[in-house]
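See below for the structure under consideration.
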Amino acid sequence: MSTAPSPILIYGICETPSILWNAHCLNLQKDNINRQYICLNDEPLTLRIGSKGWIDLKPEQLLQFQSNNELNAYTKEILLSKVNAFSRPIKSALVSYFTWIENECVKFSEGNLSSKTDVLFAKADHLFYSAFLPLPHPKIVISDKNGVFQGVAHFDLGFCISGKIYLLTFSEGQFIRKTERAFREKLFEEGKDKFIYKDLSKPAKNNGFDVEFINQLINTIPSLEHFFRQEKMPHGIYYPEGLNINP
Amino acid sequence: MSDTLIKNMTLLSQNTLNGFGGIGEGVSMQVTQDGRRIIWLAHEGAPKNFTGVDVTDPKNTKVVCQTELPHMKMRSNSLEVCGDVLAVAYQVYEKGLEPAGMELFDISKPEEPKSIGFHSTAGPHSRGMHCLWFVDGKTVHCSSGAPDFEPKHPRDDQFYQILDVQNPNKIEEIGRWWIPGAKMGDVEELPPRVNPEEGVDPMGSDAFRLHNVNVYEERPDRAYLGYIDGGVYILDINDKSSPKVVSNWNPHNPYPGFSHTALPLFDRDLIIVSDECIKDDGADWPKLTWILDARNEKNLVPISTLPLPPVEEFGLKGGRFGSHNLHENRPGPSFKSEEILIGAFFNAGIRVYDINNPYQPKEIAYFVPPKPANSRVNAIQMNDVYADENGIIYAVDRWSGGLYVLEMNI
């Protein structure tokens, strides 16, 4: 009988994935979504910027912000800090993505709101939290049937939407090691209903808004475009302890 | 028992090139119109000029062409292929000799290279061209002397020149740059020489001259120069007629000189810099390959070096021990990676590194064959390396081993 724990998706900067895998196996991290990895169990997972777990905002930190725009800037800063300093395309991708969702939030907030929309939280700076959470450097741990760590399949950018895990790379002809190819093959073979992989062209390097990159991103993940179509919107990124708020 | 040291590599074949297995710093691949793969090799010295080897079957390679130099006091050392055009650098052993400069060949029929152009850089103070870079079919970036250039020091004769080769019958120099102070008449003073040698022998170790220059389509406005004892220069060549210094990084001294190649990794904002080992028996150890943080191109910061094998094991093994040429991610049928580096390290063979974490590069593969027959030193001297897009490595020995074809198992 298999004793392997549920697989995890590590995101952000991680030099030694086996450390996190071992922590996961020992159940040292109690939350399914934490600041370093996400448990990929059988529950259909959707991660938005306003989802609980990936960011840990303390009350005293919250007091420093005068407006939602400041909080949004902080959120973006935290996500960008999860990009390796020597990974320019991933940073450019995030910058383009943030610019795009901010533009979309403004457009939506100025348009007709659905009857299901909570008007109090339908301003552009609140809608930002509904956008799907971009996961830089997603890595899926590959283990054997006993849960022994074998390695990781590396990608550049990821999203978790409605139980699907979108995994993107910007390889553009770069050599891929045999071990990496083997891990990816194993991952996609075992999770063909769960993982969706696509190699995209790199975003422009000037840290601006690359509309062509966003177009190919949306073509690959059409649901990205409809992040505000939901009944319940996350109200922010702060989850006070003791209150059970489920976006 | 084999004397070969090998990890995560397979030797597919060796070709000693009809007994002329001494190869310089020119290894470049052509895919012919009929689909064959030809690797072109520049010889370390006379009598041979260049050799073309059909490597379509990498386990069974065949020499298809081998050419002669006009005389024994010259070498071809460096070459590059772009499409069906081969550019070859000519350097002479005594200043003033000819031919010195660059020759272009039509290699659409690899068995019959046809000269289509020549650019002379011969002159009373010039030994001609040492290295060239030719990847866009239009421009050659090179290290050469020139008829009108008299250096203050005889070893500082080769500087950066940009040649327009679109019309092979009328090759034109369109830009040049040298380290200020190198030319007679310059008012600037050169920095102190690193481990200066007496005399005027142009082969002496201390020099403020250009070795390699690399220019890539990702940044056509930047040239990356390994300027020997001058360290690394990044030049703005947006106006090719007037290159301007963006920045300079120089670890020499205290390090023992000879910056050779500056390889930019654009997506990672890193620059890899090799310092060429130029002395036998570890006399100039350590000759390192540096990783520079280039996020701010005006302030290059060294963050690590590639780990070398133990000097106790290799320092006195024979010949040179240390860094030299790198696979340069050039366009064409070429291996491209910003996480895996392949280098030639003389008697330490061919070595492959994973720099996914640039602060802690890891050696992941190597190949060190035994001393080739008839070598003038007691060990292999891997001089240059090229890898194709399939991860097949073409490595060359400096004295007699010729071409080694390897497959990476990584």
Side-chain angles (χ1 to χ4, degrees), chain A residues 10-20 80-96 136-140 150-157 168-185 199-207 210 213, chain B residues 8-10 216-222 264-272 291-297 300-301 303-304 327 329-342 352-362 364-365 386-393 407-410:
Chain A
I10 298 168
Y11 64 102
I13 299 165
C14 173
E15 292 181 352
T16 316
S18 59
I19 292 175
L20 296 181
L80 286 168
S81 75
K82 293 182 179 295
V83 179
N84 187 301
F86 304 106
S87 303
R88 191 192 277 244
I90 300 173
K91 183 179 178 188
S92 300
L94 284 191
V95 170
S96 272
H137 304 292
K139 292 171 270 293
I140 313 279
Q150 294 184 307
V152 291
H154 297 79
F155 303 91
D156 292 327
L157 189 62
L168 311 172
T169 54
F170 311 128
S171 63
E172 289 196 354
Q174 296 262 325
F175 180 79
I176 299 171
R177 293 169 64 166
K178 287 176 184 170
T179 47
E180 179 68 40
R181 286 198 294 265
F183 284 143
R184 288 185 190 178
E185 277 173 22
D199 189 42
L200 301 182
S201 297
K202 286 181 291 195
K205 289 181 181 171
N206 57 7
N207 291 334
D210 182 346
F213 170 73
Chain B
N8 288 335
M9 298 244 215
T10 303
Y216 293 85
E217 58 187 352
E218 291 92 334
R219 282 305 300 265
D221 61 340
R222 289 289 182 272
L265 303 178
F266 294 104
D267 281 350
R268 306 199 63 202
D269 292 315
L270 296 170
I271 297 176
I272 314 302
I291 300 183
L292 306 187
D293 178 340
R295 285 176 290 169
N296 177 355
E297 66 173 349
L300 304 175
V301 179
I303 57 174
S304 62
H327 173 75
N329 283 347
R330 56 153 291 165
S334 167
F335 179 87
K336 290 189 182 64
S337 178
E338 301 211 344
E339 294 191 350
I340 295 169
L341 296 178
I342 307 167
V352 182
Y353 295 90
D354 179 345
I355 60 159
N356 182 39
N357 178 355
Y359 297 111
Q360 293 176 358
K362 293 177 194 161
I364 55 173
Y386 182 97
D388 72 14
E389 73 276 30
N390 302 312
I392 303 295
I393 290 177
E407 183 176 19
M408 283 189 287
N409 305 314
I410 59 171

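Sequence lines set the chain letters: A, B, ... in the order given, protein chains first and strands last, and positions in each chain run from 1.
Under 3.5 Å, the side chains of B/His327 and B/Ser337 contain no donor-acceptor pair of N or O atoms. Remark: the A/Asp199 side chain and the A/Ser171 side chain contain an N/O donor-acceptor pair separated by less than 3.5 Å.
No side-chain heavy atom of A/Glu172 sits less than 4.5 Å from a side-chain heavy atom of B/Lys336. With a 4.5 Å cut-off on side-chain heavy atoms, B/Pro361 and B/Ile291 count as touching. Side-chain contact between B/Ile393 and B/Met9 is present, with at least one heavy-atom pair separated by less than 4.5 Å. Using a 4.5 Å cut-off on side-chain heavy atoms (C-beta onward), B/Asp354 and A/Arg177 make contact.
Between chain A and the options B/Asn356, B/Ile410, B/Ile364, the largest number of non-hydrogen pairs under 4.5 Å is found for B/Ile410.
Both the backbone and the side chain of B/Asp293 have a heavy atom closer than 4.5 Å to some heavy atom of chain A. Only the side chain of B/Asn357 comes within less than 4.5 Å of a heavy atom of chain A; its backbone N, CA, C and O stay farther away. Heavy atoms closer than 4.5 Å to chain A are found in both the backbone and the side chain of B/Glu338. Using a 4.5 Å cut-off between heavy atoms, B/Ile303 touches chain A through its side chain atoms alone.
Residue-level contacts of residues 80-87 of chain A with chain B, in order of numbering, are A/Ala85, A/Phe86, A/Ser87; threshold 4.5 Å between heavy atoms.
Below 30°, between 30° and 60°, or above 60°: for A/Phe213 and A/Phe170 the angle between ring planes is above 60°, a perpendicular geometry.
For the side chain to side chain contact (heavy atoms under 4.5 Å, CB included) criterion with A/Pro203, the lone passing option out of A/Leu94, A/Ile90, A/Asp210 is A/Asp210.
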